[in-house]
There are 2 protein chains.
Amino acid sequence: MSKKNHWTLKSIAKELGVSNATVSNAFNRPDQLSKSRRESILAACKELGYFGPNKAAQSLRRGKFNIVALVLPDSIEYMVSDPVASSFMRGVASVLEKDGTNLLLFSGNSDNLNNVVDFVDGFICYGRPRNQSLVEQLKIVPKHVVTVDFDIGRNASVNINNEQASYEVAKHALHNKDDQVAILGLRLLDQNVLCRVYEHHECEAGQSIAHQRLRGYQKALTELDIPIADDRIWNIPESSERFASIAAKEALCSLPRPSVLLCMSDLIALAAMREAIKMGLKIPEDIRIVGFDGIDEAQRFVPKLTTIHQNSEEKGALAANLFITKEEQKALINYELQLGQSS
Amino acid sequence: MSKKNHWTLKSIAKELGVSNATVSNAFNRPDQLSKSRRESILAACKELGYFGPNKAAQSLRRGKFNIVALVLPDSIEYMVSDPVASSFMRGVASVLEKDGTNLLLFSGNSDNLNNVVDFVDGFICYGRPRNQSLVEQLKIVPKHVVTVDFDIGRNASVNINNEQASYEVAKHALHNKDDQVAILGLRLLDQNVLCRVYEHHECEAGQSIAHQRLRGYQKALTELDIPIADDRIWNIPESSERFASIAAKEALCSLPRPSVLLCMSDLIALAAMREAIKMGLKIPEDIRIVGFDGIDEAQRFVPKLTTIHQNSEEKGALAANLFITKEEQKALINYELQLGQSS
DNA sequence: CTGTTAGCGCATTCAT
DNA sequence: ATGAATGCGCTAACAG
């Protein structure tokens with residue numbers, strides 16, 4: 001007898017003439033019934049086209065959803081084309097996929113965690129979300145949270161030592177006190193504008209990645225006794241070719257012409273190298289350029305970029321593992337100074 | 001009186017001394033109660049820390065989940081770093097984000113749609129999933145499905161005319177019957193191997209993108225009366241730098257040396273250009289190379305690549321729109337022949 | 001306009 | 001080893 005094509009645990013149990021608990025157990029708790037019974041039930045279900053308990057109902061009942069929301073710093077559409085974010089997602093995805101956990105992409109522009117909080121097991125947050133109110137919500141949300149590249153009050157996080165890394169790459173790019181230095185910063189300011197950063201007094205206090213990196217640069221500058229003028233630091237609001245090119249052009253045209261360009265991302269450094277080449281400058285003879293991130297394209301570029309290679313994929317994998325194991329750990333991940341011909 | 005921190009519709013209703021339907025209505029159906037009543041209830045809820053009906057329960061009840069699964073052709077970790085797939089996802093995400101629909105990434109390697117089918121509203125499938133059994137499931141799954149770059153029995157799909165596009169770009173690359181042509185194909189064979197494709201008899205029948213493109217190439221070749229030897233077509237199993245470089249090297253070293261390289265993706269064409277340059281070949285004097293896709297990196301490369309620009313982002317946006325509106329439409333999307341200096 | 005009730009589909013006691 | 005009952009948290013139909 002073929003009932004309607006849509007079986008439920010209840011209807012299939014009735015069809016088979018057993019109680020629904022038995023069917024449930026057959027699928028979920030093998031130890032609760034005899035092997036033969038279980039197998040005959042499973043076979044009958046398959047035969048009839050019942051593929052197992054409804055996941056939504058199961059989740060509601062158990063309070064477990066097998067979905068984790070990956071909270072991106074910005075809109076999904078923006079993040080998905082960012083090479084560093086992509087690597088990170090790759091690491092996350094590889095671990096979650098093995099674990100059978102589903103990955104939901106969540107925009108850092110959303111204004112409410114509530115839209116998803118009820119059907120995810122928790123959150124992996126890659127960088128501070130653009131919408132600050134999300135941060136506040138993440139602090140108190142009653143689910144598991146792993147933060148990456150920033151911290152909130154919670155205990156599971158993955159970071160790299162941005163200050164030390166920046167210090168190292170700057171140290172490599174800088175030669176002596178006669179160097180003319182310009183810094184192309186990424187999101188140094190909250191304001192969404194491309195401009196120079198005349199005031200950076202609060203840098204010591206700044207907790208953002210950009211400020212950590214800036215501190216690293218400054219430490220290197222200070223050690224070499226290199227002054228940096230107030231008008232030699234740029235703020236680029238997002239890691240895009242367009243903004244980076246404009247800022248690079250401004251920097252390269254500023255006088256005295258910089259001999260060193262410290263860039264807070266490889267994408268920025270690449271744009272800067274392209275602009276420099278267009279202007280007929282020789283790299284590194286006329287200008288030394290260093291980046292941050294270690295993306296593939298920058299390694300393939302001629303000249304190869306000197307940069308800090310962040311192990312983004314590993315970062316993602318670690319974050320996902322922390323999530324799965326629910327370990328409360330503040331992890332610090334390695335980076336590598338990657339030497340190229342650009343400095 | 002502060003109850004436990006976890007409110008439910010029921011508990012909050014009791015706390016407020018109203019029925020649960022009233023609270024539900026306050027959140028979902030403003031027209032069902034007076035404005036003042038509604039507002040006072042909402043205010044009280046906010047005050048007490050109840051942020052609205054539990055979404056999981058709501059979804060179970062309504063049968064609507066506000067999640068769509070984006071079925072990728074391959075593993076998530078592989079897809080997320082593919083520039084074409086990323087563009088597509090960008091398009092999808094931009095539309096879904098505006099619609100308030102959440103995006104779940106689903107691997108084309110999974111073997112069971114059942115793990116998610118119960119808590120998504122449907123599927124957007126970007127390319128034929130590597131796991132063929134997923135295709136079978138997609139054909140019969142009782143939810144809305146939009147396919148992209150391939151078709152199943154269902155009625156909503158987005159495609160481009162691969163054959164025509166390939167024909168055009170080949171036509172542009174080919175000059176006359178003395179051209180020596182090699183084809184770097186992407187997933188021409190089911191087998192996951194890098195090799196030459198000696199037999200392509202079944203090309204006429206092949207429905208895959210690769211075969212559609214191959215037909216386009218062959219049409220152009222035929223029109224110009226250019227023969228193509230049996231051993232001049234390569235199969236590259238995935239669009240990665242590594243495989244592409246190997247195949248490109250093989251092709252470039254084969255004798256007589258090709259004067260034209262028809263590549264089924266820009267990533268492949270880029271790898272080929274790099275290998276050619278390494279070998280001291282001049283592009284396009286010694287060898288003309290064309291790609292397919294229109295990714296950014298290929299446009300920035302020197303020489304700029306001649307290719308077919310697929311509007312992947314638009315494709316994604318259209319697919320998402322079809323999904324949302326539930327329109328049953330087989331859409332065909334435009335492409336553009338993008339001329340560079342590589343041919 | 002408001003409250004009562006019956007499920008959505010299931011997992012888990014607690015009996016037997 | 002099995003079955004009846006309860007409720008996860010909610011919405012929609014219905015009754016008042």
Side-chain angles (χ1 to χ4, degrees), chain A residues 3-42 45 49-66 114-121 142-143, chain B residues 3-42 44-45 48-66 114-121 142-143:
Chain A
K3 266 183 80 159
K4 62 184 179 198
N5 215 338
H6 190 171
W7 293 107
T8 70
L9 184 61
K10 221 186 210 161
S11 71
I12 202 101
K14 182 180 270 183
E15 177 76 16
L16 299 185
V18 299
S19 97
N20 32 16
T22 305
V23 179
S24 173
N25 285 331
F27 278 96
N28 302 316
R29 306 177 16 175
D31 52 310
Q32 298 295 303
L33 72 178
S34 71
K35 195 170 179 185
S36 63
R37 197 140 174 57
R38 172 176 142 87
E39 278 169 2
S40 81
I41 288 178
L42 256 34
C45 287
Y50 176 70
F51 302 112
N54 179 295
K55 305 293 177 192
Q58 202 168 45
S59 290
L60 177 62
R61 181 64 232 255
R62 300 210 248 225
K64 175 83 160 62
F65 301 88
N66 292 319
N114 289 330
N115 291 327
V116 298
V117 70
D118 292 330
F119 56 79
V120 301
D121 294 323
K143 300 248 175 170
Chain B
K3 263 183 80 159
K4 61 183 180 200
N5 215 337
H6 190 167
W7 293 106
T8 70
L9 185 63
K10 221 183 209 165
S11 71
I12 201 102
K14 181 179 271 182
E15 176 77 18
L16 298 184
V18 300
S19 95
N20 34 13
T22 304
V23 179
S24 174
N25 285 332
F27 279 97
N28 303 315
R29 305 175 19 172
D31 52 310
Q32 297 296 301
L33 71 179
S34 71
K35 194 170 179 183
S36 63
R37 196 140 172 56
R38 172 177 142 86
E39 279 169 0
S40 81
I41 288 178
L42 258 33
C45 287
L48 291 169
Y50 176 70
F51 302 112
N54 179 296
K55 305 292 177 192
Q58 203 168 45
S59 289
L60 178 62
R61 181 63 233 250
R62 291 182 170 157
K64 175 86 160 61
F65 301 88
N66 292 318
N114 289 330
N115 292 327
V116 298
V117 69
D118 292 329
F119 56 80
V120 301
D121 295 324
K143 301 250 174 167

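Letters A, B, ... mirror the listed sequences (proteins, then strands); counts begin at 1.
- For the pair B:T22 and C:dG3, the criterion of a side-chain N or O lying under 4.0 Å from OP1 or OP2 is met.
- When the C1' atom of C:dG3 is taken as reference, atom CZ of B:R37 falls 10 Å away, rounded to whole Å.
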N/O donor-acceptor pairs under 3.5 Å from side chains in residues 49-56 of chain A, not counting sequence neighbours:
{"from": "A:Y50", "atom 1": "OH", "to": "A:G52", "atom 2": "O", "distance (Å)": "3.4"}
{"from": "A:N54", "atom 1": "OD1", "to": "A:A56", "atom 2": "N", "distance (Å)": "2.8"}
{"from": "A:N54", "atom 1": "OD1", "to": "A:A57", "atom 2": "N", "distance (Å)": "3.0"}

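- A pairwise comparison of heavy atoms in A:S24 and A:L9 identifies N-CD1, 3.6 Å as the closest pair.
- Side chains of B:C45 and B:L16 form a contact here, defined as non-hydrogen atoms less than 4.5 Å apart.
- Straight-line distance from the NZ atom of B:K64 to the C1' atom of D:dA12: 17 Å, rounded to whole Å.
- Using a 4.5 Å cut-off on side-chain heavy atoms (C-beta onward), A:D118 and B:Q58 make no contact.
- Atom NZ in B:K14 sits roughly 14 Å away from atom P in D:dC10 (whole-Å rounding).
- Between the CG atom of B:D31 and the P atom of C:dC1 there is a distance of 9 Å, given to the nearest Å.
- You'll find the side chain of A:L60 stays beyond 4.5 Å of the side chain of A:F119, heavy atoms only.
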Going 5' to 3' along nucleotides 7-16 of chain C, which nucleotides have protein heavy atoms under 4.0 Å from the base (write B), which only from the sugar-phosphate (write S), and which from neither (write -)? BBBBBB----
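- Around atom NZ of A:K35, no more than 12 heavy atoms belonging to other residues, nucleotides or ligands sit under 6.0 Å away.
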